[in-house]
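Values reported hereafter were calculated over all heavy atoms of this structure, with side chains retained and with hydrogens, waters and symmetry mates removed.
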Amino acid sequence: MTLFSKSSAVRGLLLSSVAAFALAACDGGSVASPGDVGPVVINPPTTGGGATAADVDLVPNDNCPTGTTLETITNTTGTVEACTITGTVTENLTLTAENGYALDGPVFVGEDGGANVALTIPAGVTLFGKAGEDYLVVSRGSRLNALGEADSPVIMTSIEDVQGTVNPDTDRGLWGGLVINGFAPINDCIDATATGGSADCEKSGEGSSGLFGGDDAQDNSGTLQFMQVKYAGNLINDEDELNGIAFQGVGAGTTCDHIQVHNNADDGVEFFGGTVQCNFLVLTGIGDDSLDWTDGWQGGAQYVLVRQGEDAGDRGIEGDNRSSNNELTPRSNPTIANFTFLGGASGDTGVVNRAGTDANIVNGIITGFQDAGIDIDDGSIARAQNGSLTYASLFLDNADNIESGDSSETFDTESFVANSPNVVQGNNSLSNDFFPGNAELGVTAADLSTEPGFENVDYIGAFGPTETPDSNWASGWTFAITESPTECPAGTLSTGESVDGKDICELAGTVTSNVRLNNNFIYQLDGAVFIGEDAGGDPAAPIAGAASAILTIDPGVTIFGRSGEDYLVIARGSQIRSNGTETAPVNMTSRKEVFGEDAAGNAFDPLTDRGEWGGLIINGRAPINDCIDATATGGSANCEKSGEGSSGLFGGNDSTDNSGNLFFTRVSFAGNLINDEDELNGIAFQGIGSGTQVDFIQVHNNSDDGIEFFGGTVNVKHVFLTGNGDDSMDWTDGWVGNAQFVIVDQADDAGDRAIEGDNRSSNNTLLPRSNPTVSNFTFVGGDVGDSGMVIRAGTAGEFLNGLITGFQDAGVDIDDSETVAQVTSGDITFDSMLVVDNAENLETDDDAGDAATVAAFDAGANNVSAGTSSVDNDQYVPADGDTTTPATDPSTIDPFFDAADYVGAVEDADDTWYEGWTLQVDRSSTATVAQQ
């Protein structure tokens, strides 16, 4: 019996542009927010123009403003002609935009207690240090007005940068940096009798930069806007290393926004007391701490991006009150909001609060730090206990998210932070390194409406959900914060090919370090590609020397296999983070689909092509029941098994094992037949743990099963399985996870069962026993489909809110005596099941399980297995006559489930979760494939 009218030639499956549907969401183009990683270009520089005929001429008219001197600077690289500033600037000085400027030694703007002057730097001007002893100091009472613009920042850098010899990844400390002194309150006084925050409380700055501090919280040291400070931080002596920008007693009257510090040898920015607030900060490749404070800073920062280098870097934040006396006042108490901190290979901790500081740390993303995400030490423990040091609305994904403290500490930092409002620990889903994905967008933001100077936004992290790599607050004026749009990402190689304007990069062999695939390219698999090396089944005792890795896939990325031998394997202990979105899904597909034809010129057919490449296999350490070692106990670290397709071992003792995440991810046209008994599934979940997140996945036209669970505890939600050649959803080996919102739509030319559920065929009694809970599903049979649900081989299971219709054999079938025993014991249940319009709704072929099938249905609540209704045309909702079937709320069974008061995978015609990111079925048309 057919479910609905369909063309005999095609079943209208999918995309508006057949040959390029996988690329529909992949045309992001080049990134607009990096700046250039090459040398500074000014005007541009010329070779000549003056009598000196400098190699780099930054003074094309040989006309320097009063207060500067025309100089030809010579070093081992060559000569640079610039306007040089030296000594103390005692009169207002405005630099002219057509020239470049050099610092000669420590340059002071104004005199402390004397001349109060302003140095004005217009947009586009470059100021550089010739050597490590060159730096710029703004004295108390004077002002720096660095007036960059979004498309023309002020740049402070080194002569090597100007000459084009700098290494943008590793060079640091090539000149001094910027120091600003103000009259705002501090707490560390030279005069031990002075009161913190008074006019008499002042201090000597680093690098012999003069005095700072006073009693004017609203002090104005000028304007810093759209400015870069690069390659600074010279080590003056063993204890005196300059920061990129040192805000020393700087007041709230100072304007500070859109500032980048790149590759400073010491801290990026450090606040020594004061009240200044700096927003839109970008701190990249910093050698020590990126954002540091001490001496009673009471300002704040909103929208902060920290990206540590791979060769250096300590903490994202090191926040102190005062190390020598934790109780000094005014006490440090900044608010840091909407930040994204990305740790590097050598990064220590995301946020360290200590030495008695207070703070309000909110709306942040901290990921990739090698020690901890958050740590509270010494005098700040008491501040946390009394509620003066607070955290809220944070997403943490680090080696150890919250430092539990050393044995000498009785304060439980881990519990304190974890139980703070809206603190989430999990797998990050950031795209292009720092744009929020599903995981981050699910965190409720903190209310900033009572914080003066802060915007009350409804998201966490430095960037909002509507910002993109081409359009965001860091676009245009920042330097090298995103990947090159012309170079294949690290860990991949160029193939020399391109398609639809995008170059193709290749993944091959075993990947032993983290790789991120951005949307500037399309990616090809070369053979069996393994992410990481097998680290064994026990996370507490991993295999020595086994390299683990994370494969991160940005939204809109397409990965393809060239042939059946190409497939992707995630090894135990490694992760995949497929971070697709509804508007830009990740697409894993075939070369034939990408190019529109195969090497022999055979045209791609989205309705019948299958087995064009291998598929996706994920191996984990969660318990299984089928062990290679017959003496091993199911669910133990020694119970492991070899995966299909020579994909390595899986299984272990960690039910909460984390293999990463799949968000809005499609796997299409896969399932190559390796041999008569080894045919790859679209996605094989092999011993995957509950720490893995799977939400919004599709497998389309796989030649074998769509998805198969080999043991494990992983939960899945929003699963769309279309046109698969064998079973759509299969399990065995002891899977005990959950599934909600599952649609199966079978093709007319292929397909067997919607569900084939086993415990273990070779031994039905193995433990742990398969026992999933599946809720809110809609299974639609095709012309050759067998049964909607075959439950056998000793599996248990709980099934509710299901709609099964249109199958040519039966809607539900229970087989094997051990499975019947699970019905008898109450471990197989059906509730709110609508099984109608199948050739036979409940199997009656005299098998021993038939009576059990009927008994299970009769014992459940609200089950219907009669009638001729079906799903409405072009919808997956029950037809009008069946919408009154009462539902069973799955959220009362397990908190994983969403509350649902309807039967089937979709609530009504307005519930379209399966549209927009999938290859979608159009039952009423003979149209070509279209993404809907």
In terms of the angle between their ring planes, are Phe339 and Phe341 parallel, tilted or perpendicular, with boundaries placed at 30° and 60°?
-> tilted

Taking the inter-plane angle between the rings of Phe479 and Tyr231 on a 0 to 90° scale, is it parallel (under 30°), tilted (30 to 60°) or perpendicular (over 60°)?
-> perpendicular

Considering only distance and modelled atom types, tabulate donor-acceptor pairs under 3.5 Å from the side chains of residues 82-89, sequence neighbours left out.
from, atom 1, to, atom 2, distance (Å)
Thr84, OG1, Glu71, OE1, 2.4
Thr86, OG1, Asp104, O, 3.4

Of all residues at least two apart in sequence or in a different chain, which pass the salt bridge (charged side-chain N to carboxylate O under 4.0 Å, His left out) check with Asp397?
-> Arg577

Using only heavy-atom distances, determine whether the side chains of [X] and [Y] contain a donor-acceptor pair under 3.5 Å.
X      : Y      : value
Ser323 : Asp320 : no
Gln260 : Thr284 : yes
Thr349 : Asp375 : no
Gln302 : Asn338 : yes

Is there a donor-acceptor pair closer than 3.5 Å between any side-chain N or O of [X] and the backbone N or O of [Y]?
X      : Y      : value
Thr79  : Asp55  : yes
Asp216 : Gln218 : yes
Asp503 : Ser498 : no

Pairs meeting criterion salt bridge (Lys or Arg N to Asp or Glu O under 4.0 Å) with involvement of residues 256-278, two or more places apart | none

